[in-house]
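This report concerns only the one structure given below.
By convention in this document, chain letters (A, B, ...) are assigned in the order of the sequence lines, proteins followed by strands, and residues within each chain are numbered from 1. What you see is a predicted model, and the numbers here were worked out from it, not measured in a lab.
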Amino acid sequence: MATKASRSAARLMISPAVLLLLGWMLVPLCLTLYFSFLRYNLLQIGPTPFAGWENYYWFVTDPSFTAAIKNTLVLVGGVLAITTIGGLFAAILLDRPMFGTGIIRIMVIAPFFVMPTVSALVWKNMFMNPVNGIFGRIATSLGFEPIDFFGQIPLASIIIIVSWTWLPFATLILLTALQSLDQEQLEAAEMDGAGWWNRFWFIMLPHLARAITVVILIQTIFLLSIFAEILVTTNGGPGTATTNLTYLIYVSSLLQFDVGMGSAGGVIAIILANIVAIFLMRMIGKNLDA
Amino acid sequence: MARAVSNRTKGVNTAIAGALGFLMFFPILWILFLAFKTEEDAIRAPLEVLFGSGWTMESFATVQARSDYFKHFSNSVIISLGSTFLGLLVAIPAAWSMAFVPSKHTRNVLMWMLSTKMLPPVGVLVPIYLIFRDLELLDSRFGLTIVLMLINLPIIIWMLYTYFKEIPGEILEAARMDGATLRAEILYVLTPMAIPGMASTVLLNIILAWNEAFWTINLTASNAAPLTQFITSYSSPEGLFYAKLSAASVMAIAPILIMGWFSQKQLVRGLTFGAVK
């Protein structure tokens, strides 16, 4: 069907998108790489000499880097555990017959549409504040000492806030996948005497395996870049207790104006994200062929 | 074959799922509620606020007077609509040609476009910030619109591609056999079939752009600041004024919450790049 003329027309139609994305990817990427090898601070006027691996060396040996890597892993891992397991539970629950399905689903999914700065501030002030927050009130009225969330368990508090945003995402995707499961297969298994657990373990879970992988991979890409929630609640503190890699790079580049150091951190973040991306791309690529 | 389910089972399911829904929705419900209270009422114990206080609209007025909501709202609208529109302009021809005139490179091009989305924003923060500074694009609506267009472009192209792919080629052939010109073919056959997919794409991208909080915070100060940035001015100590924080939050999320409810299905497709349908 495709003639030579339509092929060249197609190439012409696709070129703006390709050129834009190419520019968007290559120009900043090359600059980041270039800056990462310079001694370059915006506060110091003068030449920006070549620094070799100096920036990488200082960035990686700084104690806050180790802390940031640890915090990033805990943050991503914690949110993934809560949202995947919780999302699986919620999806199975929402897939069962009930009254008012539409409204209940909307209520579960709504948090995903709340912008990160709003959810962080609302949780921090109205729920996690030890004096006036709802959790504090409940604890006090039951006779317990209220938890000072951002003083005592800052990273866990951020995990809770972020999980609230992403649980709906996991639920929605797993629910969509669950709805494509053949009901007759489940009924047949039930008639053969398979209990709920066996039906879950041998039919539902294998059917959902692919969707669960997609949830984990996509969330990881987004969770590695968590920024706004930290900025408006803790500013990375107390100390470096809630500084993740993204926030650490933000601090060195836009607060300390150390372009060289920030860029070295940026290169490291890109490498880390790429490790996850390779797996995700492979999954999506397979789907494209099918 | 659907099984008959007793009302009792349905009732139990409804109760459990309803409890989950209530818990998830509660923070939104709570700010919606506190936004209509006075500052003194808002910090009283939850049950007292619930049953023993009047209603007022004053917080909304205070928020507008204190931080100019309408300016930030219009920035959000301009930036999210603008970036989506520009994105469509570039994405429609690209997705169209890949879906209807595929070549042996199509798959690689699609995968490469997707890979640009995997780039962590913080990895290119420094150069983008410096480029924007030198071009005097910091704190400009135009600059931010371009950035949001670029970060969402892969999603727009992918979504459109998966929708266009579903339009059967035979229909085009049938139209051509009936003597339709190329113009008629595009206008009367393709466009009507492509519109629902395009509408979903637009909806999802407005939501993503509205809630984007990395570039909007780092590249704006006051002039071009959208609602994501506007709300940061309510972090402590202003955060302790619950009624004002609630009113500001409600005003920031309400428009997109309503849109979001209409786009649940498209959300799955758009955010998983077609891997889950």
Are any of the side-chain heavy atoms of [X] and [Y] separated by less than 4.5 Å?
X: A/Phe227; Y: B/Val122; value: no
X: B/Tyr242; Y: A/Asn125; value: yes
X: A/Leu20; Y: B/Met149; value: yes
X: A/Trp24; Y: B/Leu153; value: no
X: B/Asn7; Y: A/Phe99; value: yes

Would you mind checking which part of [X] comes under 4.5 Å of any heavy atom in chain A, side chain (CB onward), backbone (N, CA, C, O), both or neither?
X: B/Val109; value: side chain
X: B/Leu34; value: side chain
X: B/Ser115; value: both
X: B/Ile231; value: both
X: B/Ile207; value: side chain
X: B/Ile157; value: side chain
X: B/Met259; value: neither
X: B/Ile131; value: side chain
X: B/Trp210; value: both
X: B/Ile217; value: side chain

Below 4.5 Å from any heavy atom of chain B, which atoms of [X] appear? Answer side chain, backbone, both or neither.
X: A/Val18; value: both
X: A/Leu254; value: side chain
X: A/Phe169; value: side chain
X: A/Asn132; value: both

Could you tell me the separation between the [atom1] atom of [X] and the [atom2] atom of [Y], rounded to the nearest 0.5 Å?
X: A/Ile14; Y: B/Thr106; atom1: CD1; atom2: OG1; result: 6.5 Å
X: B/Met111; Y: A/Arg282; atom1: CE; atom2: CZ; result: 10.5 Å
X: B/Ile256; Y: A/Phe113; atom1: CD1; atom2: CZ; result: 9.0 Å
X: A/Leu31; Y: B/Leu130; atom1: CG; atom2: CG; result: 8.5 Å
X: B/Leu29; Y: A/Met107; atom1: CG; atom2: CE; result: 8.0 Å

A/Thr32 side chain to B/Gly123 main-chain N or O, any donor-acceptor pair under 3.5 Å? yes
Short question: side chain of A/Thr117, backbone of B/Thr228 - any donor-acceptor pair under 3.5 Å? yes
What residue, out of [options], has the most heavy-atom pairs lying under 4.5 Å from chain A?
options: B/Ala91, B/Ala213, B/Gly87, B/Pro120; answer: B/Pro120
options: B/Thr216, B/Val124, B/Ile151; answer: B/Val124
options: B/Ile253, B/Ile31, B/Leu150; answer: B/Leu150

Under 4.5 Å, counting heavy-atom pairs only, tell me which of [options] racks up the most with chain B.
options: A/Pro16, A/Ser119, A/Ala110; result: A/Ala110
options: A/Ile134, A/Asn274, A/Ile249, A/Val276; result: A/Ile134
options: A/Glu229, A/Met115, A/Arg96; result: A/Met115
options: A/Gly133, A/Pro97, A/Ala273; result: A/Pro97
options: A/Leu94, A/Ile109, A/Leu12, A/Leu22; result: A/Leu22
options: A/Val114, A/Leu29, A/Leu245, A/Ile106; result: A/Ile106

Mind checking which of residues 261-270 of chain A sit less than 4.5 Å from chain B, heavy atom to heavy atom? A/Gly262, A/Ser263, A/Gly266, A/Ala269, A/Ile270
If you check every heavy atom in residues 217-226 of chain A against those of chain B, which residues fall under 4.5 Å? A/Ile218, A/Ile221, A/Ser225
Closest heavy-atom pair and its distance - B/Ile128, A/Pro28: CD1-CG, 3.7 Å
Taking all non-hydrogen atoms of both residues into account, name the closest pair between A/Ile104 and B/Ala17 and its distance. CG2-O, 3.6 Å
Kindly state each residue pair satisfying ring-ring contact (aromatic ring centres under 6.0 Å, His included) with at least one member in residues 101-132 of chain B, sequence neighbours excluded. none
Who are the ring pair (Phe, Tyr, Trp, His ring centres under 6.0 Å) partners of A/Phe257, not counting sequence neighbours? none
